[in-house]
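One-based numbering, in listed order, for ligands and for the atoms of each. The first residue of the sequence shown is numbered 1, and numbering continues consecutively from there.
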Amino acid sequence: MLIGKYILSLDQGTTSSRAVLFDAFGGVAGMGQKEFKQIYPQPGYVEHDAVEILQTTLYAMRQAVQEAGITASDIAAISITNQRETTVAWDAVSGIPVCNAIVWQCRRTAPECERLKASGMESYIKDTTGLIIDPYFSGTKMKWILDHVPAARELAKKDRLRFGTIDTWLVYSLTDGASYVTDVSNASRTMLFDIRKLCWDDTMLKELGIPRSALPRVVESGELVGMCLDSVLGEEIPIAGMAGDQHAALFGQCCFGKGMAKNTYGTGCFVLMNTGKAPVKSQNGLLTTIAWKIGGEVTYALEGSAFNAGSAIQWLRDELEIIKTPQEADMLAETVENTGGVSFVPAFTGLGAPYWDMYARGALLGVTRGTKRAHLCRAVLESIALESFDLVKTMEKESGICISELRVDGGASRSRFLMQYQADILNTRVCRPQCLETTALGSAMMAGLTVGVWDNLEELSSIWRENTSFTPNYDDSSREQDISRWHKAVNRSMEWAK
Ligand SMILES: Nc1ncnc2c1ncn2[C@@H]1O[C@H](COP(=O)(O)OP(=O)(O)O)[C@@H](O)[C@H]1O
Ligand SMILES: O=P(O)(O)OC[C@H](O)CO
């Protein structure tokens, strides 16, 4: 352990850019955070401004360092973890994006996905990339940009177009174009990457018309990839770790052993299970993905993804304006004994695992004249636990492993009501660690291993500490009733936008 040095972990999420400064004991020495605009140009479309993502990241980095009262020379390395699949396209010469980033939640490429399904590519895509055909992944987003943004096509002709997920965009910008890289975990979310051979897949590139020159070099999750410019924090700092946020969270929860799983409650909910050194092909609507590659060794994971979770709480706050803060939803939910028969399905942008319905849309059912906002808040919070129930049960069925303890993190895991209901509905212990910035911590751990702040996984495991445990306290018949009503509601929401 290298005491006295810090890792600056950049966690670029769907709703905010964060920077967390960790010390060698995994303690948080400083933090910066800034929300940015969510752009909804039309129903089903979600965009971000990539320049705003960079600016908010720079702001958060400086804020974290200032809060800790340290200087750049105290920072051993920077690590990057990011919302995955969100796709940026830019000009290699100017470094300027050609359009807004297309966010992972965006449904605009549903027609292209229909075409891929009709062309009989489904099983090839599943075998090669581990993924299911859905607008979620970056490949069809890149094709959409090439098809609809004339500047992108022009740049592609001149070999000047650069595509990237957010990790790539940030490293490129922080190194002034010197490093054009992505890590294996992010690459495995593009639908263009062969997760066994660990290279871009020519068949998929050809199928979607993506030029090879417009894709980054693929690196390990813990690797020295470049130097962050001295103009950012006053001195050059090595960038030594990169991973998709859900993969970093699995690492930060110290799920190093086969069969260990976590659920992250951010904008969406993502259950990942470490499946060891070989990819497991899912028969039940889960994704096969690369967890990380460290020290030359690849670890694989199974993933269940739900697209909307914390975003439903934000919807109560920002669109319905019936709460002022997420905490208020929690408080209101506790004031009623149940939802009063109300069910909510947060399918704002379709349904992910295990349903994979790109045409599902949000549903609010069972509303009566007596329905109060407290019932609605409770129904929204319960829906997050119920969709996670589907993910966990599918994971158990697929892996044959019973998840006896669910490690949780992410913004919405702060909700006491949600965590207790999660334990109740799963009939499983839910365990929340001391550090809820698990994504940032996991990414810091990857970089820390690279630069020698930590020496091995055992040392990292000693950093992880449980903070709160939620034990199930619900009777079987109520549990069964809630689950069956949830599935009835999910069925009503399906294919709504078709
Ligand atoms: N105290 C809280 N109770 C419930 N939900 C919360 C609370 N604090 C934050 N959230 C939810 O957490 C989400 C943000 O979590 P975060 O992990 O930062 O997500 P992301 O990385 O997707 O931006 C928001 O959608 C918000 O609704
Ligand atoms: O921003 P988050 O934390 O909800 O994570 C988004 C996921 O990476 C999308 O795949």
| said: A cation-pi test, strictly: NZ or CZ of Arg162 under 6.0 Å from the centre of the six-membered ring of Tyr180 and no more than 45 degrees from its axis. Yes or no? | reply: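 Arg162 over Tyr180 ring: yes.
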Does NZ or CZ of Arg189 fall inside the cone over Trp104's six-membered ring, less than 6.0 Å from its centre and within 45° of the axis?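 So Arg189 doesn't make the cation-pi contact.
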Is it the case that ligand 2 has an N or O less than 3.5 angstrom from some N or O of [X]?
| X | result |
| --- | --- |
| Asn82 | no |
| Trp104 | no |
| Gln83 | no |
| Arg189 | no |

Identify the protein heavy atom lying closest to [atom], giving its residue, its atom name and the separation to 0.1 Å.
| atom | result |
| --- | --- |
| atom 5 (O) of ligand 2 | Asp245 OD2, 2.7 Å |
| atom 1 (O) of ligand 2 | Thr14 OG1, 2.4 Å |
| atom 4 (O) of ligand 2 | Thr267 N, 3.1 Å |

Quick one: which ligand 2 atoms are inside 4.0 Å of a heavy atom on [X]?
| X | result |
| --- | --- |
| Glu85 | 9 (C), 10 (O) |
| Tyr136 | 9 (C), 10 (O) |
| Gly268 | 4 (O) |

Worksheet entry | Atom NZ of Lys393 with >12 non-hydrogen neighbours under 6.0 angstrom |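 Yes, enclosed.
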ask   = Would Asp127 and Lys281 pass as an ion pair if we require N to O under 4.0 Å?
value =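 Counted as a salt bridge, because a side-chain N and a carboxylate O are separated by less than 4.0 Å.
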**Asked** In terms of side-chain geometry, is the basic nitrogen of Lys117 or Asp134 positioned less than 4.0 Å from the acidic oxygen of its partner?
**Response**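 No, Lys117 and Asp134 are not salt-bridged.
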Note to self: Under a 3.5 Å distance rule, please check whether Asp424 uses its side chain to pair with a backbone N or O of Asn473 as donor and acceptor.
What the structure shows: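 Looks like yes, one N/O pair under 3.5 Å.
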* **Verdict with reasoning, Tyr172 to Trp90, per ring-ring contact (aromatic ring centres under 6.0 Å, His included)** => CA-CA 10 Å; Tyr172 192 90; Trp90 67 94; 5.1 Å; yes
So for Gly244, does at least one of its heavy atoms come nearer than 4.0 angstrom to any atom of ligand 2?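 The answer is no: ligand 2 sits nowhere under 4.0 Å from a heavy atom of Gly244.
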Check: Between Phe270 and Tyr265, is the ring centre distance below 6.0 Å?
Finding: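 So the answer is no for these two rings.
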- Residues that Thr128 engages under side-chain contact (heavy atoms from CB on, under 4.5 Å), provided they are two or more places apart: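 Thr128 satisfies side-chain contact (heavy atoms from CB on, under 4.5 Å) with Tyr124, Asp194, Asp201 once adjacent residues are dropped.
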**Q.** Under 4.0 Å from ligand 1 - residues by heavy atom, chain and number
**A.**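 Lining ligand 1: Gly13, Thr14, Thr15, Ser16, Arg18, Gly266, Thr267, Gly310, Ser311, Ile313, Gln314, Pro326, Gln327, Gly410, Gly411, Ala412, Arg414, Ser415.
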Trp496 vs Tyr359, ring-ring contact (aromatic ring centres under 6.0 Å, His included): CA-CA, chis, key distance, verdict:
CA-CA 6 Å; Trp496 189 259; Tyr359 302 110; over 10 Å; no
- Message: Parallel, tilted or perpendicular, judged at 30° and 60°: which one describes the rings of Phe344 and Trp315?
- Response: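 The rings of Phe344 and Trp315 lie parallel, inter-plane angle below 30°.
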